[in-house]
Amino acid sequence: MPAHQRSAGAGYNPTSQERYVDAIDGISIPPPNYRVLVVLCVDTSSSMRGEAISKLNDALHSWAHSMNNHSMAASTEFALITFGAGGVLKWRGTESFDPRSDRTPFVSAREFTAPVLPADGVTPLTKAVRLGIDVIEARKRQLTQERVTWRRPLMWLVTDGRPTDDQGHFTPDWQPLAGEIRALEQRRKLTLFAIGVPPIDAVGQETLRQLAPDNYRIYGEFDFNDILILLERSVEDPNRSIRTAEWKES
Amino acid sequence: MPAAEAAARRPAGQVGRPRWRVRGATMQGYDHVRSGSWCEDAFAHTHLPFDDPSRPDIHILAVADGAGSRTRSADGSRLAVSTALSVVERGIRAHWQPESAPDWAALLQHLSDQVITTFLDVARAVGGGDQAVGDFATTLTTVVLAHPVVGYFSVGDGFVIIRTGSGGRSNLHLVDSAVAAAEDASSTTFLTSNTAGAVRVSAIYDEAITGAFLSTDGLAYTTLARGEDGQLSLVEEPMVDTVFRLLDRDDFDPLGLLRLLQRDDVIAATQDDTTLLAAVLRP
């Protein structure tokens, strides 16, 4: 019998079972004092037009809905960064804004909403990933002031093409980035997961393989919604490789 | 403490009756339930009654947390707690008996080495060689209750809390924790790591000790908070206090511990397998 139904009864003596249920349910549990920072770094270049961007938008909406009520929602924050249409952009909900702004794109997973992303433009992947690293560091500084700690930040990179500069020329400027990411991962400052979207070419695949040697997969081997499963496991243990781990639901 | 003195502290007619009431529970994290995976936490405890009434009975408690990324971590945590119990029990029976906290600490230091060596030997044999040992990666926290001494050794990020007197936050003491902060929170030392210098060993003598609580890191986020100085301490209203008070009661149904671990706010705060093992001194 729930406590509110019992309390009115004159002379009611709760059983020991009911007393312990009340005691357990009455324990005060503090809200999580740590955050999991997750950056979604998503390609919205013109090559994503059609089925790819449509699937990505569907998956983002479905994913946002799943995350809003997920048990991880209280401790997880998402930042969406896109590269392609409009250049490199930060997002909060359905609003995009200048990447040079000091405003953080991180929002609680409880409040995370997905915009409808257009596909256009070139593929400034390197600039977007660097922005992702910067927003993580900025958010960590804010959390330090708020006396909230964090677990190792995670970045998910989703792309179908080779990195370009702002003019659309293929560029090797991602190569130093691979070394920087390795260094961050060794210092436990980041774990990067890279998802290649077909028809990503061999050079594009090799780029992602070098950016995320242990955490690179091709879309089609799994659905975008499977990222949620991988995310849960990567939050539990960022050292878990998605190339070798048994990650798929049985 | 001399053995005769220990015997004198035991209520008459209660030789063989455990001095401590010990209860524990463990719960798979959400991801493990969803994927049908084993719980990678494990706990165990044992009671060493002695026929000789001059010996205070002893309880050995252990919790372990297998590394999520390792293929046999669930085996590792179970192997760790069972190894700890058998090695420590044998050691205590063979070396009986330390009389002071420093002597207990010295004995536990010695036994912790044996526990790690035995664990690695078994993992090597079961796994099929040196290369497989890392697959059994796990933490281990072991507590020995030999009232009024509480001793422990720990590898990794488990934690131990002791209650003195009738409890309340001011009478709860975080005696051991290595829960790391920030990015380091996801990494720790395992029995399969280089454990040289990484084993924390201590023993405390206090007549006022009335409870001991040990847990893997899963519950750290519901129990511990980091201050401005970076030091960990108990949260303002520690749930451990209520757990002790419930265990003090003869009629407490220990299923309540599972109810606690299944609470939505506990699951939201932990995102991991959770384990608690608590002991209260019987009146």
Quick one: of A:I27, A:L143, A:V148, who has the most non-hydrogen atom pairs under 4.5 Å with chain B? A:I27
Side chain, backbone, both or neither: which part of [X] has a heavy atom under 4.5 Å from chain A?
X: B:D264; value: neither
X: B:T71; value: neither
X: B:R245; value: neither

Tell me whether B:R263 contacts the main-chain N or O of A:I24 through its side chain, where contact means a donor paired with an acceptor under 3.5 Å. yes
Mark yes or no for whether B:Y221, through its side chain, and A:P30, through its backbone, hold a donor-acceptor pair below 3.5 Å. no
Using a 4.5 Å heavy-atom cutoff, which residues in residues 250-261 of chain B come close to chain A? B:D251, B:F252, B:D253, B:L255, B:G256, B:R259, B:L260
What closest approach, in Å, do [X] and [Y] show between heavy atoms, and which atom pair accounts for it?
X: A:P32; Y: B:A269; result: CG-CA, 3.8 Å
X: B:R226; Y: A:R147; result: O-NH2, 4.0 Å
X: A:A23; Y: B:T242; result: O-CG2, 4.0 Å

When the 4.5 angstrom heavy-atom criterion is applied to A:S75 and chain B, the contacting part is side chain
Please identify each residue that fulfils ring pair (Phe, Tyr, Trp, His ring centres under 6.0 Å) with B:F244, with sequence neighbours left out. none
Can you tell me how far apart [atom1] ([X]) and [atom2] ([Y]) are? Round to the nearest 0.5 Å.
X: A:I29; Y: B:I267; atom1: CD1; atom2: CD1; value: 11.0 Å
X: B:T270; Y: A:Y34; atom1: OG1; atom2: OH; value: 6.5 Å
X: B:D265; Y: A:S28; atom1: CG; atom2: OG; value: 8.5 Å

More than 12 non-hydrogen atoms from neighbouring residues, nucleotides or ligands closer than 6.0 Å to [atom1] on [X], yes or no?
X: A:H65; atom1: NE2; answer: no
X: A:E206; atom1: CD; answer: yes
X: B:Q131; atom1: CD; answer: no

